[in-house]
Amino acid sequence: MPRAVVTGGAGFIGSHLADRLISEGWQVVVVDNLITGRLENLQHLMGRDDFRFIQHDVCEPFDVEGPVDYVFHLASTASPVDFVRHPLETLRVGSYGTENALELALRKGAKFLFSSTSEVYGDPLVHPQPETYWGNVNPIGVRGVYDEAKRYAESLVMAYHRYKGADTRIVRIFNTYGERMRLDDGRVVPNFVCQALRGEPITVYGDGRQTRSFGYVADLIEGIWRLAHSDYHEPVNIGNPEERTILEFAQLIKQLTGSDSPIVFREFLTPDDPKQRCPDITRARQILGWEPSTPLEEGLQRTIAYFRGRLE
Ligand code: UDP
């Protein structure tokens, strides 16, 4: 039975990855300091012989008893609200946290997968974004703590791969939504869905002409699973290339929830909010044979049902 460590496993994506690993017959050890993750996401796994939870901040060196075959390093804040609230923690988890996770993998002879982000492309001048694009990031902007932490972490992972022989992979995750997102994480999907379900105004930041491409979490996990089993060491974009403006997205949420909420316009939460974002997934198609299979409306219906349950 292979054994994996999932840092950030109490978070939205980490907990779905833990589920997938367990369903594939793996043993899973989650390491999470619960700064943005929630034990509730793992409640159904607690008490199982093949599952263990360790509450620990990966910015401090750590060890895990017994053999480890794979380290999945997902620990990080991920929403703009969270990284504005926890800027230093965000920088530290990308730097010290990533180094500690890499050191664990080296000590254990384990493979390593790092969850990076489309934010490494910043406010992109190339559209859609292929992995070969180096990005347009403002290092001193409010979002810089996240973007640069992830960019540094990618450098660190590649250096461990090149100079220390670590067996690494990097996934660049584009906007992802689904069950277990926090209602208050401030991202556009929980905000719009909760506002629509409560009959509150739907808050579009700026003029709503900025674009995003939304991928359903189950598709992302399938991409991560395939990448984990590949021998490809450079970054791979995983996301859904179906692109919409945020205003169109607000209208879609309104329609799918049957809400009467008005759509209102507000100031941007952060300057440097990327004006466009859409993954070029040619590499994922070619190397992993992966592409998203969940239509946006179907994934959103499931997500809306989840939020409805939580708001009752
Ligand atoms: N956004 C919005 N209203 C909200 C929350 C977000 O218009 O209540 C916009 C935000 O300005 C951005 C997009 O939706 O252009 C996606 O934001 P999110 O925080 O989900 O993630 P990002 O892609 O910016 O990391």
Side-chain angles (χ1 to χ4, degrees), residues 11-13 36 74 76-87 90 94 115-124 127-129 135-138 141-151 171-217 220 237-254 257 259 261-279 296 299-300 303-304 307:
F12 160 49
I13 293 170
T36 55
L74 274 66
S76 180
T77 56
S79 97
V81 168
D82 288 338
F83 53 71
V84 166
R85 200 180 284 157
H86 305 291
T90 300
S115 65
S116 187
T117 167
S118 54
E119 284 276 331
V120 299
Y121 302 120
D123 189 4
H127 194 71
Q129 294 81 53
N136 178 39
V137 169
N138 175 2
V142 175
R143 298 174 85 99
V145 292
Y146 183 67
D147 303 8
E148 297 294 9
K150 290 289 189 182
R151 289 168 66 93
V171 56
R172 288 188 181 150
I173 301 174
F174 281 67
N175 292 67
T176 302
Y177 67 93
E179 297 90 332
R180 301 190 191 148
M181 293 188 96
R182 268 182 19 236
L183 269 66
D184 64 347
D185 94 350
R187 281 186 278 197
V188 70
V189 174
N191 272 14
F192 284 4
V193 173
C194 291
Q195 289 162 345
L197 291 176
R198 288 175 170 142
E200 294 168 0
I202 298 177
T203 55
V204 168
Y205 299 156
D207 60 12
R209 283 193 296 174
Q210 71 272 31
T211 69
R212 292 293 187 274
S213 313
F214 296 96
Y216 184 57
V217 65
L220 166 68
N237 289 339
I238 297 286
N240 191 329
E242 199 187 312
E243 183 182 5
R244 303 195 177 225
T245 69
I246 290 301
L247 183 56
E248 284 166 353
F249 192 64
Q251 287 155 346
L252 177 63
I253 300 278
K254 218 181 123 143
T257 51
S259 169
S261 291
I263 293 176
V264 298
F265 294 89
R266 296 275 183 270
E267 286 285 296
F268 276 113
L269 194 69
T270 59
D272 309 321
D273 192 292
K275 286 182 266 313
Q276 50 184 2
R277 181 182 292 155
C278 180
L296 181 61
L300 281 176
T303 309
I304 290 166
F307 281 121

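Nothing here was measured: the structure is a model prediction, and the numbers come from that model. Both ligands and their constituent atoms are indexed starting at 1 by order of listing.
Residues R143 and T270 have side chains that bring a donor and an acceptor to within less than 3.5 angstrom of each other. T211 and E243 share a side-chain donor-acceptor pair at under 3.5 Å. For the residue pair T77/T90, the side-chain donor-acceptor check at 3.5 Å is satisfied.
Proximity to Q210 (heavy-atom distance under 4.0 Å) selects the following atoms of ligand 1: 9 (C), 11 (O), 15 (O).
Residue contacts with ligand 1, taken as heavy atom pairs separated by less than 4.0 Å, involve I246 solely via side-chain atoms from C-beta onward. Contacts between V188 and ligand 1, counted as non-hydrogen atom pairs separated by less than 4.0 Å, involve both the backbone and the side chain. Neither the backbone nor the side chain of R266 has any atom closer than 4.0 Å to an atom of ligand 1 (non-hydrogen atoms only). Contacts between R143 and ligand 1 below 4.0 angstrom, taking non-hydrogen atoms only, involve the side chain exclusively. Residue contacts with ligand 1, taken as heavy atom pairs separated by less than 4.0 Å, do not involve V189 at all. Residue contacts with ligand 1, taken as heavy atom pairs separated by less than 4.0 Å, involve R187 via backbone and side-chain atoms alike.
Protein heavy atom at the shortest distance from atom 15 (O) of ligand 1 is D273 OD1, 2.7 Å. The closest protein non-hydrogen atom to atom 16 (C) of ligand 1 is R212 NE, 3.6 Å.
Ring geometry, F83 versus Y146: the interplanar angle falls under 30°, so the pair is classed parallel (tilted spans 30 to 60°). The aromatic rings of Y177 and F214 sit perpendicular to each other, their planes meeting at more than 60°, with 30° as the lower class boundary.
For a threshold of 3.5 Å applied to N or O pairs, the pair formed by Q195 and ligand 1 contains no separation below that value.
At least one heavy atom of F192 sits closer than 4.0 Å to an atom of ligand 1.
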